[in-house]
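Residue numbers start at 1 and run along the sequence shown. Since the model is a prediction, treat every value here as computed from it, not as a measurement. Values below: every heavy atom of this structure, side chains too, minus hydrogens, waters and symmetry copies.
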Amino acid sequence: MRVRPLLGTTAGAALLLLTGATAAPATASAAAPYETVTVDAVGRITADGTVTLSGTYSCRSAIGPVFVSSSVSQGVSTTRYGIGGTRAVCDGVKHRWVNTGRPTPGVLAPGAAHVEATLMELRTFSGLPLPSFHAVHGRDISLTLR
């Protein structure tokens, strides 16, 4: 019996399981009440396509760096466009976040949109930074021209 291919397969499966367990997003019901992220009902878009999204977040403690990321989609499209990222402070206090970004010109317009915000920590596991999700929140918003 050849052991080397079996060890490689076993190690790969173990890494996949560990990565999946670490990277599983928290749902609103699974997250602790002090681990929250919200999205404001109105976002801004400029004539050149620059989008600004905002909301609040709160987290109590973290081992690694924590960020609030956001993405936006419009209409029936399943494509989400990343809109910036903000470094978060996990001290148990509610903070504001504001992310600004400009996806490909012309893909977003004023009107209804869906935003997802994620409060995510980078934790080191065996020397690799892996995501650990503190909170995720999605909301339908209105993008207004400013």
Side-chain angles (χ1 to χ4, degrees), residues 7-146:
L7 287 175
T9 302
T10 304
L15 182 59
L16 182 62
L17 287 173
L18 289 172
T19 302
T22 303
T27 61
S29 61
Y34 51 84
E35 302 283 317
T36 63
V37 64
T38 68
V39 175
D40 291 341
V42 177
R44 307 281 184 239
I45 186 167
T46 63
D48 73 353
T50 300
V51 174
T52 300
L53 304 171
S54 58
T56 63
Y57 73 90
S58 177
C59 51
R60 192 173 277 179
S61 65
I63 298 168
V66 179
F67 301 91
V68 179
S69 64
S70 57
S71 63
V72 63
S73 62
Q74 277 190 316
V76 296
S77 174
T78 57
T79 303
R80 293 189 335 201
Y81 299 95
I83 305 297
T86 301
R87 182 78 186 254
V89 177
C90 289
D91 58 4
V93 176
K94 184 186 279 188
H95 296 275
R96 297 269 317 145
W97 63 268
V98 177
N99 290 346
T100 300
R102 191 170 83 184
T104 305
V107 297
L108 298 173
H114 184 79
V115 172
E116 184 172 286
T118 305
L119 185 61
M120 187 267 310
E121 176 181 358
L122 288 176
R123 291 187 182 169
T124 303
F125 179 76
S126 296
L128 296 173
L130 297 175
S132 175
F133 297 93
H134 288 250
V136 176
H137 180 70
R139 180 177 190 176
D140 291 330
I141 70 157
S142 177
L143 279 179
T144 60
L145 191 59
R146 84 170 157 167

- Tyr57 OH to Cys90 SG distance, which is reported to the nearest 0.5 Å: 7.0 Å
- Note on the structure: The reported gap from OG1 in Thr124 to CD1 in Ile63 (rounded to nearest 0.5 angstrom) is 9.0 Å
Which side-chain N or O atoms in residues 37-46 pair as donor and acceptor under 3.5 Å with protein atoms at least two apart or in another chain?
{"residue": "Thr38", "atom": "OG1", "partner": "Thr56", "partner atom": "N", "Å": "2.9"}
{"residue": "Thr38", "atom": "OG1", "partner": "Thr56", "partner atom": "OG1", "Å": "2.6"}
{"residue": "Asp40", "atom": "OD1", "partner": "Arg96", "partner atom": "NH1", "Å": "3.4"}
{"residue": "Asp40", "atom": "OD2", "partner": "Ser54", "partner atom": "OG", "Å": "2.6"}
{"residue": "Asp40", "atom": "OD2", "partner": "Arg96", "partner atom": "NH1", "Å": "3.4"}
{"residue": "Asp40", "atom": "OD2", "partner": "Arg96", "partner atom": "NH2", "Å": "2.7"}
{"residue": "Arg44", "atom": "NH1", "partner": "Thr144", "partner atom": "OG1", "Å": "2.8"}
{"residue": "Thr46", "atom": "OG1", "partner": "Asp48", "partner atom": "OD1", "Å": "2.4"}
{"residue": "Thr46", "atom": "OG1", "partner": "Thr50", "partner atom": "N", "Å": "3.2"}

- When rounded to the nearest 0.5 Å, the distance separating CD of Glu121 from SG of Cys59 is 8.0 Å
- Identify the two heavy atoms, one from Ala47 and one from Leu145, that lie closest to each other, and give their separation to 0.1 Å. N-CD1, 3.9 Å
- Yes or no on side chain to side chain contact (heavy atoms under 4.5 Å, CB included) for Ile141 and Leu53, after CA distance, side-chain angles and deciding distance? CA-CA 10 Å; Ile141 70 157; Leu53 304 171; 3.9 Å; yes
Below 3.5 Å, can you tabulate the donor-acceptor pairs from side chains in residues 64-74 to any protein atom, sequence neighbours excluded?
{"residue": "Ser70", "atom": "OG", "partner": "Ile83", "partner atom": "O", "Å": "2.7"}
{"residue": "Ser70", "atom": "OG", "partner": "Asn99", "partner atom": "ND2", "Å": "3.1"}
{"residue": "Ser71", "atom": "OG", "partner": "Arg80", "partner atom": "NE", "Å": "3.4"}
{"residue": "Gln74", "atom": "OE1", "partner": "Ala109", "partner atom": "N", "Å": "2.9"}
{"residue": "Gln74", "atom": "NE2", "partner": "Ala109", "partner atom": "O", "Å": "2.6"}
{"residue": "Gln74", "atom": "NE2", "partner": "Ala112", "partner atom": "O", "Å": "3.1"}

- Query: For the atom pair OG (Ser58) and CD (Glu35), what is the distance rounded to the nearest 0.5 Å?
  - Reply: 7.0 Å
- Taking all atoms of both residues into account, what is the closest heavy-atom pair of Asp91 and His95, and its distance? OD1-NE2, 2.9 Å
